Amino acid sequence: MTATVSIARSVPKSANAVGVPVATSGTVPRSLGLSRAALAAHGFEGKAGQTLVLPSATGATLVAVGVGDPSALSMQVLRNAAAALVRAASRHAVVATSLADLDGVDAVKAGQAVAEGGLLAAYRYAGIKKEPNTTSLTELVLVAGEKRSKGVTSGVDRGVATSAAAYLARDLANTPPAHMNARNIADKAVEVAAASGLTVEVFNKDQLAAMGCGGMLGVNRGSTEPPRMVRLTYTPRNPVGHLALVGKGVMFDSGGLSLKPSDGQIGMKMDMSGAAAVLAAMGSLKALKCKAKVTGYLMCTDNMPSGSALKLGDVLTFRNGKTAEIHNTDAEGRLVLADGLSLAVEDGPDAVVDIATLTGACMVALGMKMAGVVGNDQPLVDRLRTASSTTDEPIWQMPLEKSYRKLLDSNVADMRNIGGPYGGVITSSLFLSEFVGDVPWAHLDIAGPMSVDADDGWLSRGATGFGTRLLIEFATSFTK
Ligand code: BES
Ligand code: MN
Ligand code: ZN
């Protein structure tokens, strides 16, 4: 991260721009030097996310930042407001604001939300360019009174950690496929583990074969790049529970022999966004004093067509002994997750969550702004929904409709790897559920929100890192 976040009692002289929160009712802060009527005359009513830049001949630029209904302040409002401020002040290096000083949101939560909003909006993928993409922001200063400053400071620490994790997930997914293959992400995982107190084990093709991970090997068959499975473990003293996370790490999804049309392949470097979210989230657990043991599995391989590629009609045998007949090689995510989920439940965790850019069907159903969630345990799904509303990474539950299981029936194997034209989220989830036994399990389908085409609040163009902060929030509040 290029920008830092600091806390001050008053606006520092170094500030180039100063954000001033304004609600839709109540008094307008005197520091703006304008009445509500004057602001309204310039089209600014204080609505959440609105900004009005007020040039100044002498001092710092003032930015009126709308926070909406003063009785409805929330982390979401503050995160969006901070993002709007950073975007409105995008040419400035040092941006100060008293946004985290508003009563109505707990100081810790306010500090976290404002740090996240500001930092996430300042994210740019550097790119592989002679002149890398950059951001002007070097410092975000949160001005907070004596009463709140301690709470704000601790919230900022958390917000900086969660944002750094989201930056990592975004960078991993934005990196072109030739620069981010299965070996590359495994190397990255080793680095992250060393820096953040995780144990890491990397499994190569031979080891995966010895372990019976037929899904991983099958999907990898058409690729000249070898696969990698990475197991990360975070073990606190006296863990309060054990959580397992499994991420789809398809480093590039061409579709295999069921080749995607060219347009459908654009963006498929991001088909490892689930693995990126798991890796990034796990890298922050120690700093955030997570009390549960967490095991993470990154299931990494390309999905490519070639003379050695997986064929339609082939049957794969997964780690748990079940088999699947391949009817579409583009339904590959479930094949690598099948091995990952099988391994994850062998450790006897209290819950398993997988995260994957799994289906176009989920995008059709829910659009690009929210992920689908499906599970075999309602309390677990509800905990994920709670975490999701805290981090503002929206998820919507879809049913695990058992009567659709026959859509996966096969004459030659335990199941087929696709259901049919309808209910793709449900049939893909039913497939995954075959590998978790009785362990409480939930599946996040992040195909839609994995990327955005244009900057939008705290989402910056490109990979979003969706799910990273959600997994952190979920893991750090997890108990058996
Ligand atoms: N990685 C894709 C899903 C995807 C599509 C993610 C677009 C993000 C953006 C997945 O592997 C896939 O190809 N799914 C198929 C499954 C189908 C063949 C049953 C799909 O959704 O079309
Ligand atoms: Mn696919
Ligand atoms: Zn895929």
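Numbering of ligands and ligand atoms starts at 1, following listing order. Being a predicted model, the structure only gives us computed values, none of them experimental.
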* With Arg124, which of Thr135, Leu137, Asn174 fulfils side chain to side chain contact (heavy atoms under 4.5 Å, CB included)? ->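 Result: among Thr135, Leu137, Asn174, Thr135 is the only option passing the side chain to side chain contact (heavy atoms under 4.5 Å, CB included) with Arg124.
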* Reference residue Thr359; test side chain to side chain contact (heavy atoms under 4.5 Å, CB included); the match among Ile426, Val425, Thr427 ->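 It is Val425, the one option of Ile426, Val425, Thr427 that forms the side chain to side chain contact (heavy atoms under 4.5 Å, CB included) with Thr359.
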Taking 4.0 angstrom as the limit and counting only heavy atoms of [X], give me the atoms of ligand 1 inside it, by number and element.
X: Met363; value: 7 (C), 9 (C)
X: Gly360; value: 20 (C), 21 (O)
X: Ala447; value: 6 (C), 8 (C)
X: Lys248; value: 1 (N), 10 (C), 11 (O)

* Asked: Is Thr357 in polar range of ligand 1, meaning some N or O pair under 3.5 Å apart?
  ->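 Between Thr357 and ligand 1, an N or O pair is found under 3.5 Å apart.
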* Are Lys260 and ligand 1 in contact, using a heavy-atom cut-off of under 4.0 Å? ->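 For ligand 1, residue contact (heavy atoms, under 4.0 Å) with Lys260 is present.
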* Ile355 and Leu471: which non-hydrogen atoms are nearest, and at how many Å? ->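 Here Ile355 and Leu471 meet closest at CG2-CD1, 4.1 Å.
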* Mind reading off the angle at the Mn ion (ligand 2) between the OE1 atom of Glu332 and the OD2 atom of Asp253, rounded to 10°? =>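 It rounds to 100°.
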* **Heavy-atom proximity to atom 4 (C) of ligand 1, best of Glu332, Met450, Met268, Met368** =>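 Minimum heavy-atom distance to atom 4 (C) of ligand 1 goes to Met268.
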* **Nearest candidate to atom 1 (N) of ligand 1, where distance is taken over non-hydrogen atoms, out of Val219, Thr359, Val250, Asp271** =>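 Shortest heavy-atom distance from atom 1 (N) of ligand 1: Asp271.
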Looking only at protein heavy atoms, which one is nearest to [atom], and how far off is it?
atom: atom 18 (C) of ligand 1; answer: Asn328 ND2, 3.5 Å
atom: atom 16 (C) of ligand 1; answer: Arg334 NH2, 4.0 Å
atom: atom 2 (C) of ligand 1; answer: Asp253 OD2, 3.5 Å
atom: atom 12 (C) of ligand 1; answer: Asp330 O, 3.2 Å
atom: atom 14 (N) of ligand 1; answer: Leu358 O, 3.3 Å

* To do: Please say whether the positively charged group of Arg228, taken as NZ for Lys or CZ for Arg, lies over the ring of Phe203, i.e. under 6.0 angstrom from the six-membered ring centre and within 45 degrees of the axis.
  =>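 Verdict for Phe203: no cation-pi partner in Arg228.
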* Does Arg469 make a cation-pi contact with Trp458, if we ask for NZ or CZ under 6.0 Å from the ring centre and within 45° of the axis? ->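 Yes, a cation-pi geometry.
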* To do: Assess Asp330: does it contribute an N, O or S atom lying under 2.8 Å from the Mn ion (ligand 2)?
  =>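 True for Asp330.
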* Asked: Parallel, tilted or perpendicular for Phe431 and Phe435, by the 30°/60° rule?
  ->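 Geometry flag for Phe435 against Phe431: tilted rings.
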* Asked: Just by distance, with hydrogens left out, do Ser306 and Ser308 show a side-chain donor and acceptor under 3.5 Å apart?
  ->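 Checked: Ser306/Ser308 side chains pair up, N/O donor to acceptor below 3.5 Å.
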* Do Thr301 and Asn220 have side-chain N/O donor and acceptor atoms under 3.5 Å apart? ->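 Result is yes, a qualifying pair exists.
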* **Metal site angle (apex the Zn ion (ligand 3)), NZ from Lys248 and OD2 from Asp271, 10 degrees** =>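 About 100° at the Zn ion (ligand 3).
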* Looking from the Zn ion (ligand 3), what is the angle between OE2 on Glu332 and OD2 on Asp253, to the nearest 10°? ->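 Roughly 90°, rounded to 10°.
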Assess whether atom [atom1] of [X] is packed by more than 12 heavy atoms of other residues, nucleotides or ligands within 6.0 Å.
X: Arg461; atom1: CZ; result: no
X: Lys269; atom1: NZ; result: yes
X: Tyr125; atom1: OH; result: yes

* Side chain, backbone, both or neither: Ile418 near ligand 1, heavy atoms under 4.0 Å ->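 Side chain only; the backbone of Ile418 stays clear of ligand 1.
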